[in-house]
There are 2 protein chains.
Amino acid sequence: MSKVLVVDDEPQIVRALGIHLRARGWEVVTAGDGTEALAVADASAPDVVVLDLGLPDLDGVDVITRLRARSAVPILVLSGRSDSADKVDALDAGADDYVTKPFGMDELLARLRVMLRRSTPVEAGDAVEFGRVRVDLAATRVTVDGSEVRLTPTEWHLLEVLVRHPGRLMSQSRLLTEVWGPGYETAHGNLRLYMAQLRRKLEADPARPVHFRNEPGMGYRFEP
Amino acid sequence: MSKVLVVDDEPQIVRALGIHLRARGWEVVTAGDGTEALAVADASAPDVVVLDLGLPDLDGVDVITRLRARSAVPILVLSGRSDSADKVDALDAGADDYVTKPFGMDELLARLRVMLRRSTPVEAGDAVEFGRVRVDLAATRVTVDGSEVRLTPTEWHLLEVLVRHPGRLMSQSRLLTEVWGPGYETAHGNLRLYMAQLRRKLEADPARPVHFRNEPGMGYRFEP
DNA sequence: CGGGTTCCTGACAACTTCCTGACGCGTCCG
DNA sequence: CGGACGCGTCAGGAAGTTGTCAGGAACCCG
């Protein structure tokens, strides 16, 4: 049985979600604001989080960032406005998907199932191989053609974030917040620099990257 | 069996629609004005709503807004006046499609089937396929015949908005505000440009689009 | 304290994307 | 029949991004 944490400040929404989710066999824990959400997430380790962006105490994006700092739990965002700006911000901060209110219950349940099925993209402890590179996540070790390559801490952190989401586009802001922490969303120059170093150390032809690709204006993508 | 709510102030239209719909296996509930419509919608939770804009008590757009505040039920608008302004307003308020009176019964039934199909099975989780195109919303990736197609940020935003509302007629102002943000409601030239680029990249014959169709004066519609 | 490593900042050229305006074509309506 | 309107298309310049380099500050460790 999977556990879901529902965070919303409107009690009727929490109640309605709880009823439907329990009817489908989920175990449900709830929170009414951001502070409570963080506490409950720590205490009960949910498998997935449903988070309303419009909370009374904390900014929704803030909550996402702090959840991300602790675990890789999938986050589904409920967005009140159909305005796209806050959705983009949420995704950048680390949310995995979003649904705009008003939403159909079936749609939400379907998305939750998908997220759960896809959760933990790459487990810690696994090793990822691509080209002539082998990344051992458990041992914190990288080898190219069998010989070890030394990475600085920042390089390693960046590589880890990318490798844990194979094939997925990661926006600059998301990479920055995950590697450097909240507050560095604008240090683009930094990201460019370390991406270049990763490519220099891991790509066969750093000028023509195959595994660490950039999509102009959108972000970077790791391709195994 | 699916349930449809028919809202119209002319009894003969309600009766005629009821007969045809029941003959096709629909369960039908009715309302004669806006207030009743809202009450019946709450009480019987229809799968789709057919709504005449010219109601005696409430403005049609008002009814749509209030329905939308409660659920994501698809709304098909019946417009009596050939004036197109109110139709656009209805779409902006959240209607999914419209039919102009006098209408053919076959056309209305066909539209209803489309709306129902889009709402029940839900988008297939995080990937949408149509023709030879596959849109992976989670990975932010588009492929045609298996080979990747690169989209610019604006192209991707536009595609995402369209794809998340399959079969639905999206007004130009809505597309503009969702993709470019509030304040760009009049930048129609922009929308035409990027719609053309999407078609060039995704349609088999960009000059004769099948999946990204335009309805003159209204907006654009994505058909899977 | 010194040597080596790591991290950050600022600059530049090459590139991509975005916007604007103009033109042609078809439809609709007077 | 002519004009207005909306739509699709094209091209050019403005604006923003990215890869890259070099230099200096901060850090760690012996």
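Below, each value reflects all heavy atoms present in this structure, side chains not excepted, and no hydrogens, waters or symmetry copies. Per chain, numbering begins at 1; letters A, B, ... match sequence-line order.
Among the atoms of the strands shown, none is found under 4.0 Å from any heavy atom of Glu155(B). Residue Trp156(A) is out of contact with every strand shown, counting any heavy-atom pair closer than 4.0 Å. Within the 4.0 angstrom heavy-atom criterion, no nucleotide atom of any strand lies near Arg208(A). When heavy atoms are screened at a 4.0 angstrom cut-off, Gln172(B) is found touching the sugar-phosphate backbone but no base atom.
Of the candidates Val48(B), Val50(B), Val99(B), Leu169(B), Arg111(B) forms a side-chain contact (heavy atoms from CB on, under 4.5 Å) with just one, namely Val99(B). None of Arg221(B), Arg174(B), Glu223(B) except one satisfies the side-chain contact (heavy atoms from CB on, under 4.5 Å) rule with Arg168(B); the exception is Arg174(B).
Tyr194(B) has its OH atom 11 Å from the C1' atom of dT16(C), to the nearest Å. For Asn190(A) and dT9(C), the CG to P distance is 6 Å, given to the nearest whole Å. Nucleotide dT16(C) holds its P atom 16 Å from the CG atom of Leu151(B), rounded to whole Å. Rounded to whole Å, the distance from CE on Met218(B) to C1' on dT27(C) is 15 Å. The nearest whole Å value for the distance from the CG atom in Leu176(B) to the P atom in dC7(D) is 11 Å. Rounding to whole angstrom units, NE2 of residue His188(B) and P of dC19(C) are separated by 15 Å. If you take CD of Gln197(A) and C1' of dT5(C), they are 11 Å apart, rounded to a whole angstrom. Remark: P of dG8(D) and CD of Glu215(B) are 12 Å apart, rounded to the nearest angstrom.
The pair Arg150(B)-Glu215(A) does not meet the salt-bridge criterion, since no charged nitrogen lies less than 4.0 angstrom from a carboxylate oxygen.
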Check: Base, backbone or nothing for each nucleotide of nucleotides 19-30 of chain D, written B, S, -, heavy atoms under 4.0 angstrom, 5' to 3'?
Finding: BSB---------
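Contact annotation: Thr152(B) reaches the phosphate of dC18(C) (side-chain N/O to OP1 or OP2, under 4.0 Å). At the phosphate of dC8(C), OP1 or OP2 sits under 4.0 Å from a side-chain N or O atom of Trp180(A). For Arg150(A) and dT6(C), the shortest distance from a side-chain N or O to OP1 or OP2 is below 4.0 Å.
Note on ring orientation: taking the six-membered ring where Trp is involved, the planes of Phe130(A) and Phe222(A) are perpendicular (angle over 60°, cut-offs 30° and 60°).
Partners of Glu185(B) according to the salt bridge (charged side-chain N to carboxylate O under 4.0 Å, His left out) rule, which considers only residues two or more places apart in sequence or in another chain, do not exist here.
From Asp59(A), atom CG reaches atom CD1 of Ile64(A) across 8.5 Å, with rounding to the nearest 0.5 Å.
Picking from dC7(C), dT17(C), dC19(C) the nucleotide with the shortest atom distance to the side chain of Pro153(B) gives dT17(C).
Using a distance-only test at 3.5 Å, with no hydrogens or angles considered, no donor-acceptor pair links the side chain of Arg134(A) to the main chain of Thr143(A).
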